[in-house]
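Below: the structure, in structure tokens.
What's counted below: heavy atoms across the whole structure, side chains too, no hydrogens, waters or symmetry copies. From a predicted model like this one, the values you see are computed outputs, not experimental measurements. Labels below follow one simple rule: chain letters A, B, ... track the order of the sequence lines, proteins then strands, and each chain is numbered from 1.
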Protein chains: 2
Amino acid sequence: MTVETSGAYTLTVGEVAAAGGVAASAVRFYEQHGVIHAERTAGDQRRFDDSAACRIRVAKVAQRVGLTVREIAEIFDRLPEQPRPEDWGQVAETLIREAEERTAALRSYLSQLRSGGRLCEM
Amino acid sequence: MTVETSGAYTLTVGEVAAAGGVAASAVRFYEQHGVIHAERTAGDQRRFDDSAACRIRVAKVAQRVGLTVREIAEIFDRLPEQPRPEDWGQVAETLIREAEERTAALRSYLSQLRSGGRLCEM
DNA sequence: CTCGGCCTTCAACATTGGTTGAAGTCAAGC
DNA sequence: GCTTGACTTCAACCAATGTTGAAGGCCGAG
């Protein structure tokens, strides 16, 4: 019987945009692409829950390590309806693992070139 | 008085494309954007040196960790005219450092969220 | 010297990740 | 209940990263 702040779809596009540090157009874009989810009011306006701004901030950082919006949305999609902290922990681990694998590929390729005697033409 | 294989601009677009594992159009694109450099024949055809295919392969892997073509070109541009192995080592370190910084930013942001008690809405 | 294959440029198209503007609708305060 | 600011959709546009196709030019083998 508490005031249910979590899971409540109360935030407008503008509020999420401000909280997420992006433009309102970007919030709509992320919703269209499944990074965040919204319910609609009777008047067809989007309402987001608290996770939206956070998801957007995570997405922005994840994009910097080369993940696409589609990939990020897919990772978020693995969350259950009522995610528990450990579900989010899984998401975090997946993102970091992906970033590390890509860095490892880069490192591996570069060191392979160097051990070949020269990096590129030398 | 040796046969000068390094630094010789002898390879065509098609040869570099095959060696780099990309399409010819991509080779021209990378040249336009400064990732690789070409001389021109009297008939205005591009001729590349041995480094071209290698630069392209490195660029492809670097793109996977979120670096843009522009950023990659800028890193390659720091190479002197006649790069020595250690100059390429610098490039490799720069690329890896950049990838690691981005991964660290991701990791830092995620752990900060988690230590805040919850990741996103929880 | 000619032929065929690879090269040239240029413009159009595709995809990703958005932004901007027009035209109209919703909702909250007065 | 009206006004005003924030919301809606839609289409156009942007930049990055290429691909594709047309129209034509270069070059090396015979």
Cation-pi check for B:F76 against B:R55: NZ or CZ below 6.0 Å from the six-membered ring centre and within 45 degrees of the axis, yes or no? yes
Salt bridge (Lys or Arg N to Asp or Glu O under 4.0 Å) filter on B:R46, not counting sequence neighbours, yields B:E31
Yes or no on salt bridge (charged side-chain N to carboxylate O under 4.0 Å, His left out) for A:R107 and B:E100, after CA distance, side-chain angles and deciding distance? CA-CA 10 Å; A:R107 199 190 326 260; B:E100 281 176 348; 2.6 Å; yes
So what does A:R46 touch, heavy atoms closer than 4.0 Å: a base, only the sugar-phosphate, or nothing?
sugar-phosphate
Between CD of A:E31 and C1' of D:dT8 the distance, given in whole Å, is 12 Å
Using a strict 4.0 Å threshold on nitrogen-to-oxygen distance, state whether A:E98 and A:R102 make a salt bridge.
yes
N/O-N/O pairs, protein side and nucleotides 27-30 of chain D side, under 3.5 Å:
unit_1	atom_1	unit_2	atom_2	d
D:dC27	OP1	B:T41	OG1	3.3

Which of A:I75, A:V61, A:V65 passes side chain to side chain contact (heavy atoms under 4.5 Å, CB included) with A:L95? Answer is A:I75
Whole-Å distance, A:R28 CZ to C:dT19 P, equals 11 Å
When rounded to whole Å, the CD to C1' distance for the pair B:Q32 and D:dA15 reads 15 Å
Residues A:A59 and A:V35: closest non-hydrogen pair is CB-CG1, 4.1 Å
* **Short side-chain N/O contact from B:T12 to OP1 or OP2 of C:dC6, under 4.0 Å** => no
Separation of D:dA6 atom P from A:L11 atom CG, nearest Å, is 16 Å
Main-chain N/O of A:L106 paired with B:R64 side-chain donor or acceptor, under 3.5 Å: no
Checklist entry - Can A:T10 and A:D49 be said to form a side-chain contact (heavy atoms from CB on, under 4.5 Å), step by step? => result CA-CA 6 Å; A:T10 59; A:D49 68 11; over 6 Å; no
Pull out every protein N or O sitting under 3.5 Å from an N or O of nucleotides 16-18 of chain C, one pair per line with the distance.
unit_1	atom_1	unit_2	atom_2	d
C:dG17	OP1	A:V69	N	3.0
C:dG18	OP1	A:K60	NZ	2.8
C:dG18	OP2	A:Y30	OH	2.8
C:dG18	OP2	A:Q63	OE1	2.9
C:dG18	OP2	A:Q63	NE2	2.7

